[in-house]
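Read the structure below first, then the notes.
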Amino acid sequence: MSQYNEFSGVYSLLLTPFNWDRTIDYKAYEEYVDWQASFKPQHLFAVCGSSEMMELTVEERIKCAGLAVKNSNGIPVYATANLAESFADQLEEMKNLEQQGVGGLVFVTKGMCDKPVELFDYLTDLASHTELPIILYEFPGLQPHMLDAQTYGKLAATGKIKGIKDTTCTMPKIEAKIAVQGDSNVLQANIPLLYDSYLKGARGVVATPTSCGAGLFVKMWDEFTKGDLEAARKTHQHIIALDNAIDSGFCASAKYLVSLQGVNMKWYTRGSHNLSPARLRSIEIWHDWAKEEGILEK
């Protein structure tokens, strides 16, 4: 088996831009998706935590996924499909997302990770209703969310599950999943452990800073997979700086950084985020430094 496959690599998260009244700015969204696609990640991830998926209606989720497909320049778009309460509604949302042309579906663990047998049965049943590839997502918004390695190994062995967005954030737990990933892909969400996890066998990344700095992640992935480990290590240092720059006030902070890079996006969210003038200035200063150093160049 080749070490990497079509489901490996960088999954760039998509933010959701809002107008002042918190309606979705779909024009800005299309511009933003096109901009994200220009960095040429292997995948785009619409309807995710960074897109404030829990604050979006089902109609908004489906429309955003469709617009992402339309503006992705052929890059496969993945979207979370099982946020609804009832199983029947989840199947309906899956069907609607498929009709929008998404390349794959994402299943969150639904706060069921303390019931591994029940969770396995639920996920395999849900997966049996689609032919699309599936990525699992340990979404912290629905706890307990961390899937144990044994259950993940069983799910990966079915062949239906192509990867997992791992949010365990410790090397022992990351390595435990890598040990059982088989043909699937452990995709890392933790920024400090990203380089270390690549060395141990993780096969990609799905992390919040990809929403505003996808170029860095593509650069690091290309360097690492080509065997230039020292270059990848140094790029990881720049990613750490980016992560720290947007950590406070995410995802408003990421939206503001995107706007500084030329996309017509306001930093409004449907959450309680509020960027003070000082916080805005901090992001501006970091952006100016990163631009002067060539860090944010494509």
Side-chain angles (χ1 to χ4, degrees), residues 9-16 32 35-36 39 41-45 48-52 137-141 145-146 164-171 173-174 186-200 202-224 229-261 263 265 267 269 271 273-276 278-298:
V10 177
Y11 287 69
S12 287
L13 305 182
L14 297 179
L15 302 163
T16 305
Y32 169 62
W35 179 76
Q36 281 283 72
F39 293 101
Q42 282 72 32
H43 319 273
L44 294 172
F45 184 5
C48 57
S50 295
S51 66
E52 301 171 72
Y137 180 4
E138 293 180 326
F139 175 54
H145 64 290
M146 293 184 184
I164 184 169
K165 178 179 178 178
D166 173 81
T167 64
T168 52
C169 299
T170 71
M171 281 309 300
K173 291 181 179 179
I174 294 168
V186 171
L187 307 166
Q188 194 44 234
N190 184 272
I191 297 303
L193 300 177
L194 182 59
Y195 181 74
D196 297 338
S197 70
Y198 280 177
L199 290 174
K200 293 295 183 178
R203 295 175 179 153
V205 59
V206 195
T208 53
T210 61
S211 63
C212 56
L216 281 173
F217 288 87
V218 172
K219 183 174 184 288
M220 181 184 176
W221 178 253
D222 289 346
E223 291 165 344
F224 187 86
L229 301 187
E230 180 59 17
R233 185 187 68 82
K234 289 181 178 179
T235 302
H236 183 231
Q237 293 174 340
H238 294 155
I239 288 174
I240 291 290
L242 168 63
D243 187 43
N244 287 330
I246 65 168
D247 183 56
S248 176
F250 184 86
C251 56
S253 55
K255 292 180 181 183
Y256 190 57
L257 184 55
V258 167
S259 73
L260 293 174
Q261 296 177 78
V263 178
M265 177 185 292
W267 60 261
T269 75
H273 307 102
N274 183 31
L275 300 182
S276 67
R279 185 72 183 99
L280 292 170
R281 185 61 183 141
S282 173
I283 298 169
E284 290 169 1
I285 292 169
W286 187 89
H287 167 263
D288 290 345
W289 168 79
K291 186 176 179 180
E292 290 167 5
E293 295 297 318
I295 291 171
L296 288 180
E297 290 181 351
K298 292 183 182 178

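Note that this is a predicted model, so its numbers are computed, not measured. This chain uses plain numbering: 1 for the first residue, then up along the sequence. All values below come from the heavy atoms of this structure, side chains included, with hydrogens, waters and symmetry mates left out.
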Below 4.5 Å, heavy atoms only, C-beta onward: do Arg233 and Gln237 meet side chain to side chain?
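Yes, side chains in contact.
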State the [atom1]-[atom2] distance between [X] and [Y], to the nearest 0.5 angstrom.
{"X": "Tyr11", "Y": "Leu13", "atom1": "OH", "atom2": "CG", "result": "11.5 Å"}
{"X": "Asp166", "Y": "Asn190", "atom1": "CG", "atom2": "CG", "result": "8.5 Å"}
{"X": "Met265", "Y": "Trp35", "atom1": "CE", "atom2": "CH2", "result": "8.0 Å"}
{"X": "Leu280", "Y": "Leu275", "atom1": "CG", "atom2": "CG", "result": "5.0 Å"}
{"X": "Ser197", "Y": "Ile174", "atom1": "OG", "atom2": "CD1", "result": "5.5 Å"}

Kindly give the heavy-atom pair with the smallest separation between Ile191 and His236, and that separation in Å.
O-NE2, 2.7 Å
Work out which heavy atom in Ile246 is nearest to a heavy atom in Pro209; give both atom names and the distance.
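In this case the closest contact between Ile246 and Pro209 is CD1-CA, 3.9 Å.
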Under 3.5 Å, is there a donor-acceptor pair between the Glu284 and Tyr256 side chains?
yes
Parallel, tilted or perpendicular: ring planes of Tyr198 versus Phe224, cut at 30 and 60 degrees
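Because their plane-to-plane angle lies in the 30° to 60° range, the rings of Tyr198 and Phe224 count as tilted.
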Between Glu138 and Lys173, does any side-chain N to carboxylate O distance fall below 4.0 Å?
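Between Lys173 and Glu138 there is no salt bridge, as every charged N stays at least 4.0 Å from the carboxylate O atoms.
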Determine whether a donor-acceptor pair (N or O, by modelled atom type, separation under 3.5 Å) exists between the side chain of Thr235 and the backbone of Ala231.
yes
